[in-house]
Amino acid sequence: MKFYKILEMWYLNNKRDLPWRNSSNPYFIWLSEIILQQTRIQQGLDYYKVFIEHYPTVQDLANASEDEVLKDWQGLGYYSRARNLHFSAQYICNELNGVFPSTYKELLKLKGVGDYTASAIASICFNEKTAVVDGNVYRVLSRYFNINTPINSPKGIKYFKELAQELIKDANPKDYNQAIMDFGSMVCKPANPTCDTCVLADGCIAKAKNLINDLPVKEKKLKVKNKFFNFIVIDNGDFTVIEKRTGNGIWKNLYQFPLIETDKPVDDQALIEDPFFKNNYTKNPELTLYNPEPWVHKLTHQHLHTHFWILNTNSIDNFETTPWSNIDDFAVPKLIHNFLEEYNSK
DNA sequence: CAACCGTGGTA
DNA sequence: TTACCAAGGTT
């Protein structure tokens, strides 16, 4: 039996029941695909439910503010996904008369929609034969065909896409694309794949050559940077001060306490030399270090060594203040959220 | 195009 | 504890 046919039959009996699986509404599929980028289903499920409830249609999403959308996205990470989702919703409503793009080529024009997501929506909603290549597909194909080209190299990306496109030629694209992804996550898993009961085991070259644990090959080029964050938590009892992050770095458009970033750990005297204090506090401000041991927030490519400094003062006239009672209205990074949970419970 | 963009789960 | 990685995309 053909490769695609085996997977389609396996899918018929083993596919997972997911909230968006019985829909062909491109808005729902788009939403699910964006949420699931680099994200486990279990982690994304609740967010999907919230978005469907708060924004039942693409118009509802377009009419919302970016702050609202980011607030609903809070905690999920990769926040450009939320910003692009909102931007693209407005693009669809304003430029496309609310009609969702229906081809791979047109879908690619949406911000936040790349080759994978365009292929997924085009195949699932419009039955277009465009093969998805996600982490699952890389794993299944590299093992079955014994391909050791690095999956994160330009050469590998091109090779696997072409192979996947060839394999989908005679398949039902909607079912086949979802089949190979479900199969990858449930059977051909990264660790401890269930090769003993695998329906593709007969033709799997990696299994025959005992190379399952060596595939796929991935070049590692990740170097972790250490950064030192000092958040100034102004607190006069009722009010605090928060700011919106700008620029294109991490956590763009989310809120935080005023931040002083240094290239090494610092004490309060060094912090007071910062322009933040020079410009706003002429007399000696009294800083209390909230956490003597830094909180190390670990991201994929940087470790944030974080200290929270409490500045108990009444001279906050120069700032735009926020009542503590409203603090939960703002989208904040997980790191800030963790601090707020602890600080406000005391 | 190599570097960057979050958070949480697992071996 | 570390390393990997999870329905990737942008610059």
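Keep in mind that the numbers below use all heavy atoms, side chains included, and drop hydrogens, waters and symmetry copies. Naming: A, B, ... by sequence-line order, numbering from 1 per chain.
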Could you list the donor-acceptor pairs under 3.5 angstrom formed between side-chain atoms of residues 257-271 of chain A and any protein atom two or more places apart in sequence or on another chain?
unit_1: A:Thr262; atom_1: OG1; unit_2: A:Lys264; atom_2: O; d: 2.7
unit_1: A:Asp267; atom_1: OD1; unit_2: A:Gln269; atom_2: N; d: 3.3
unit_1: A:Asp267; atom_1: OD1; unit_2: A:Ala270; atom_2: N; d: 2.9

If you look only at distance, which donor and acceptor atoms sit under 3.5 Å apart when one is on a side chain in residues 185-205 of chain A and the other is two or more places apart or in another chain?
unit_1: A:Ser185; atom_1: OG; unit_2: A:Arg16; atom_2: NH2; d: 2.9
unit_1: A:Ser185; atom_1: OG; unit_2: A:Met181; atom_2: O; d: 3.4
unit_1: A:Ser185; atom_1: OG; unit_2: A:Asp182; atom_2: O; d: 3.1

Please tabulate, one pair per line, all N/O donor-acceptor pairs under 3.5 Å involving side-chain atoms of residues 91-98 of chain A, not counting sequence neighbours.
unit_1: A:Asn94; atom_1: ND2; unit_2: A:Gln90; atom_2: O; d: 3.2

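For A:Phe319 and A:Phe276, the ring centers are positioned less than 6.0 Å apart.
As judged by a 4.0 angstrom heavy-atom cut-off over every strand, A:Ile35 is placed among residues making no nucleic acid contact. As judged by a 4.0 angstrom heavy-atom cut-off over every strand, A:Val137 is placed among residues making no nucleic acid contact. Counting non-hydrogen atoms under 4.0 angstrom, A:Ser32 reaches nothing in the nucleic acid.
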How would nucleotides 3-11 of chain B be written as a contact map, 5' to 3', with B for base contact, S for sugar-phosphate-only contact and - for no contact, using protein heavy atoms under 4.0 Å? -SBBBBB--

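Comparing A:Gly112 and A:Asn136 against DNA chain C, the residue whose closest nucleotide sits nearer the 5' end is A:Asn136.
Boundaries of the chain A contact region on DNA chain C are C:dT2 to C:dT10, first to last in 5' to 3' order (nucleotide atom under 4.0 Å from a heavy atom).
Between the side chains of A:Gln302 and A:Lys225, no donor-acceptor pair of N or O atoms lies under 3.5 Å. A donor-acceptor contact under 3.5 angstrom links the side chains of A:Asp72 and A:Tyr55, judged on distance only. In this model, a donor atom of one side chain and an acceptor atom of the other lie less than 3.5 Å apart for A:Thr117 and A:Gln37.
A:Leu215 forms part of a hydrophobic cluster together with A:Leu211, A:Val217, judged by ILVMFWY side-chain heavy-atom separations under 4.5 Å.
Between B:dC4 and C:dA7, the distance separating the two P atoms is 25 Å to the nearest Å. Comparing B:dG9 with C:dG9, their P atoms sit 24 Å apart, to the nearest whole Å. Of the C1' atoms belonging to B:dC1 and B:dC5, the separation is 16 Å, rounded to the nearest Å.
At a non-hydrogen distance threshold of 4.0 Å, A:Arg16, A:Leu18, A:Trp20, A:Arg21 from residues 11-27 of chain A come into contact with DNA chain C. Of the residues in residues 159-187 of chain A, none lies under 4.0 Å from DNA chain B by heavy-atom distance.
Under the salt bridge (Lys or Arg N to Asp or Glu O under 4.0 Å) criterion, A:Lys334 pairs with no residue at all, not counting sequence neighbours. With sequence neighbours excluded, no residue forms a salt bridge (Lys or Arg N to Asp or Glu O under 4.0 Å) with A:Lys111.
Judged as a salt bridge (Lys or Arg N to Asp or Glu O under 4.0 Å), the pairs with a partner in residues 158-180 of chain A (not counting sequence neighbours) are, in order, A:Asp115-A:Lys161, A:Lys158-A:Glu162, A:Glu166-A:Lys169. Listed by first and then second residue, the side-chain hydrogen bond (donor to acceptor under 3.5 Å, both in side chains) pairs involving residues 139-149 of chain A are A:Asn136-A:Arg139 (not counting sequence neighbours).
Looking at heavy atoms from C-beta onward, A:Phe231 lies in side-chain contact with A:Gln256 at the 4.5 angstrom threshold.
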